[in-house]
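To keep things clear, I will list the structure first and then write my remarks on it.
Everything numeric here is computed off the predicted structure, so don't read it as measured data. Sequence lines set the chain letters: A, B, ... in the order given, protein chains first and strands last, and positions in each chain run from 1.
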Amino acid sequence: MSAYKSDFLNVLASRGFIHQVSEPEALDALARTSTITAYIGFDCTAPSLHIGHLLPIMMLHWLQQTGHRPLPLMGGGTSRVGDPSGKDESRRLLTDADINANLKSIRAIFARFMRFGDGKAGAVMANNADWLNTLNYVDFLRDVGRHFSINRMLSFDSVKLRLERQQELSFLEFNYMILQAYDFVELYRRYGCMLQMGGSDQWGNIVNGIDLGRRLHNAQFFALTAPLITTASGAKMGKTASGAVWLNADQMSPYDYWQFWRNTEDADVARFLKLFTVLQLDEIERLAALKGAEINEAKKILATAATAMVHGQSAAEQAAATARTTFEEGGLGTSLPAVEVPRAELKAGIGVLAAFVKAGLAASNGEVRRAIANNAIMVNDVRVTSDKAIVGEAEVTADGVVKLSLGRKRHVLLKPV
RNA sequence: GGGGGAGUGUCCCGAGCGGCAAAGGGGGCGGACUGUAAAUCCGCUGGCUUACGCCUUCGUAGGUUCGAGUCCUACCUCCCCCA
């Protein structure tokens with residue numbers, strides 16, 4: 001069904017990664033005849049990447065699998081500015097120390113998805129702080145700024161929407177697109193990078209880079225954007241009670257990560273398998289054909305495969321096993337999140353309210369009270385009906401833990417130490 | 001510089017005659033139904049409290065009042081118009 005001749009575009013298109021491509025024929029031809037270096041920018045405004053970053057990371061993965069060179073760019077410099085795209089409010093400005101700390105913890109994630117190092121397709125990581133931080137303002141204006149038309153910049157969605165909605169857009173943020181365009185050129189100079197990929201909201205920024213490349217180097221750059229991924233019911237992906245779905249294990253356990261995928265809506269299963277796992281397409285076809293309750297099998301495969309991409313095969317299988325014992329056999333899974341409690345404290349008895357707050361299942365005593373009123377609280381699978389109930393040593397099971405449950409899905413173990 | 005408008009529950013949007021823990025959505029969480037799905041229906045969605053109740057919250061700081069999100073003053077931030 002795909003009209004592309006190159007492996008690279010074929011794979012991306014058939015798995016649903018492509019929203020827009022500039023000059024598709026030329027890019028297709030280039031991908032067939034040479035090794036492309038392509039970059040995607042990631043900002044460092046949070047200490048971990050989350051699910052929203054997964055799509056671009058997968059694009060880099062496939063880029064490498066099809067023989068090309070991925071170039072993840074850390075926005076060490078641009079994070080100091082903040083991209084106004086899709087935002088009504090200015091982002092908080094981060095300190096350089098924050099940015100560097102974030103950058104460091106993000107870096108490890110990439111190694112899971114692509115091979116770094118030598119060889120023609122070995123991935124390279126760059127940081128735009130390396131060139132942006134030392135720019136000379138006047139030189140930059142003369143060399144780069146003169147190629148930008150304010151008239152045109154005002155017509156870009158990222159700017160236009162802010163202005164139309166009467167939201168403040170600072171000069172600092174207004175410059176973001178210029179810096180991103182400059183990044184593209186700089187990566188071309190340093191690494192011969194000719195393709196920039198990103199989310200669909202990046203189209204305007206990328207196109208600016210293409211223009212600048214043509215003006216400064218008479219070079220043909222390319223843009224490729226991925227669709228914005230929403231769930232079948234229209235919600236933005238990756239929002240849960242506790243916030244974002246993080247990729248770092250210390251922000252979100254592999255078990256919880258597995259659960260996130262396990263709870264995918266039926267209608268999203270096939271699409272997510274294509275986007276977020278590396279299963280063969282014919283295998284995905286087979287799974288997608290499952291009907292009714294059988295599709296749960298596909299969801300488990302999705303969960304395990306997607307978790308394995310980020311946390312490794314063994315952690316993924318452990319999460320799957322824990323889910324199986326917990327949900328299908330009514331037992332205790334070993335990788336359920338656990339919270340340690342001093343044995344003496346448990347001996348004295350902890351009120352249910354405090355116990356659930358301590359376990360992180362609720363934010364306040366009141367929240368636990370309401371949950372009890374809603375029949376949602378269980379200790380060792382026994383429903384709690386009074387907020388005066390005590391969790392003590394008697395509740396420690398043969399496994400040496402106390403199982404606290406909020407609803408049927410959220411479980412935390414209390415482990416005496 | 002002059003004139004007009006706006007800022008509401010720490011997720012968002014948004015109503016709010018001086019009696020307000022503050023309408024209504026969305027989102028989220030829980031329950032029922034299911035398949036750890038969707039849809040639907042129901043409940044919850046500031047903190048402490050067994051409870052009466054107490055405390056904290058409507059841009060900031062004061063004031064009027066028995067009582068202020070609501071009225072007054074000053075200040076901060078944003079928007080629009082005029083210069």
Gap in Å between the two [atom1] atoms, one belonging to [N] and one to [M], rounded:
| N | M | atom1 | answer |
| --- | --- | --- | --- |
| rA21(B) | rU49(B) | C1' | 16 Å |
| rU77(B) | rC29(B) | P | 39 Å |
| rA22(B) | rC58(B) | C1' | 9 Å |
| rG25(B) | rU73(B) | P | 36 Å |
| rA61(B) | rC54(B) | P | 24 Å |
| rU56(B) | rU50(B) | C1' | 22 Å |
| rC13(B) | rG28(B) | C1' | 15 Å |
| rC75(B) | rG4(B) | P | 15 Å |

Open item on the list: Closest-nucleotide mapping onto RNA chain B: is S364(A) or R324(A) further toward the 5' terminus? I mean the 5' end.
Closed with: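 Result: R324(A).
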Open item on the list: Can you work out whether R262(A) or N375(A) has the more 5'-proximal nearest nucleotide on RNA chain B?
Closed with: N375(A)
Open item on the list: Is the phosphate of rA37(B) approached by T264(A) (side-chain N or O, under 4.0 Å from OP1 or OP2)?
Closed with: no
TODO: May I ask you to verify if any side-chain N or O of K300(A) is less than 4.0 angstrom from the OP1 or OP2 atom of rA37(B)?
DONE: no
- [ ] Assign the ring pair F221(A) / Y188(A) to parallel, tilted or perpendicular, where the plane angle (0 to 90°) is split at 30° and 60°.
- [x]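 Ring orientation, 0 to 90° scale: tilted.
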- [ ] Please work out whether the ring planes of F42(A) and H53(A) are parallel, tilted or perpendicular, with thresholds of 30° and 60°.
- [x]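 Ring orientation of F42(A) relative to H53(A): tilted.
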Between atom [atom1] in [X] and atom [atom2] in [N], what is the gap in whole Å?
| X | N | atom1 | atom2 | result |
| --- | --- | --- | --- | --- |
| L290(A) | rA37(B) | CG | P | 17 Å |
| I372(A) | rC29(B) | CD1 | P | 20 Å |
| K409(A) | rG28(B) | NZ | P | 12 Å |
| F260(A) | rU36(B) | CZ | C1' | 14 Å |
| L361(A) | rG28(B) | CG | P | 19 Å |
| L353(A) | rU50(B) | CG | C1' | 11 Å |
| E265(A) | rA39(B) | CD | P | 6 Å |
| E294(A) | rA37(B) | CD | P | 17 Å |

Can you tell me the base-pairing partner of [N]? Count Watson-Crick or G-U wobble geometry only, both distances below 3.5 Å, and say none if there is no partner.
| N | result |
| --- | --- |
| rC44(B) | rG28(B) |
| rC78(B) | rG5(B) |
| rC17(B) | none |
| rA39(B) | none |
| rC52(B) | none |
| rU73(B) | rA61(B) |

- [ ] Look only at the side chain of Q64(A) and the backbone of R115(A), and say whether a donor-acceptor pair between them is shorter than 3.5 Å.
- [x]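 Yes: the side chain of Q64(A) pairs with the backbone of R115(A).
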Open item on the list: Tell me if the NZ atom of K300(A) is crowded by more than 12 foreign heavy atoms within 6.0 Å.
Closed with: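 Yes.
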Look at all strands and tell whether [X] reaches a base, only sugar-phosphate, or nothing, counting heavy atoms closer than 4.0 Å.
| X | value |
| --- | --- |
| A373(A) | nothing |
| Q259(A) | base |
| S386(A) | nothing |
| R370(A) | sugar-phosphate |

Task: Glycosidic conformation of rC54(B), taking syn as within 90° of 0 and anti otherwise - done: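 Anti, since the glycosidic angle lies more than 90° from 0.
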Open item on the list: Check this for me: does the side-chain of N365(A) come within 3.5 Å of the base of rG47(B) through a donor and an acceptor?
Closed with: no
Task: Any donor-acceptor N/O pair under 3.5 Å between rU45(B) base and R369(A) side chain - done: no
Task: Closest to side chain of F327(A), choosing from rC29(B), rU36(B), rC44(B) - done: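 From the listed options, rU36(B) comes nearest.
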TODO: Go through rG35(B), rC33(B), rG30(B) for me and flag the one nearest to the R408(A) side chain.
DONE: rC33(B)
- [ ] Calculate, to the nearest 0.5 Å, the distance between atoms CD1 and CG belonging to I295(A) and L287(A) respectively.
- [x]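 One finds 9.0 Å between CD1 of I295(A) and CG of L287(A).
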Task: Identified side chain to side chain contact (heavy atoms under 4.5 Å, CB included) counterpart of F222(A) within the set I36(A), V21(A), L195(A) - done: L195(A)
TODO: Using only heavy-atom distances, determine whether the side chains of Q202(A) and Q196(A) contain a donor-acceptor pair under 3.5 Å.
DONE: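 No.
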Open item on the list: Under 6.0 Å between ring centres: does that hold for Y39(A) and Y191(A)?
Closed with: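 Centroid separation for Y39(A) and Y191(A): 6.0 Å or greater.
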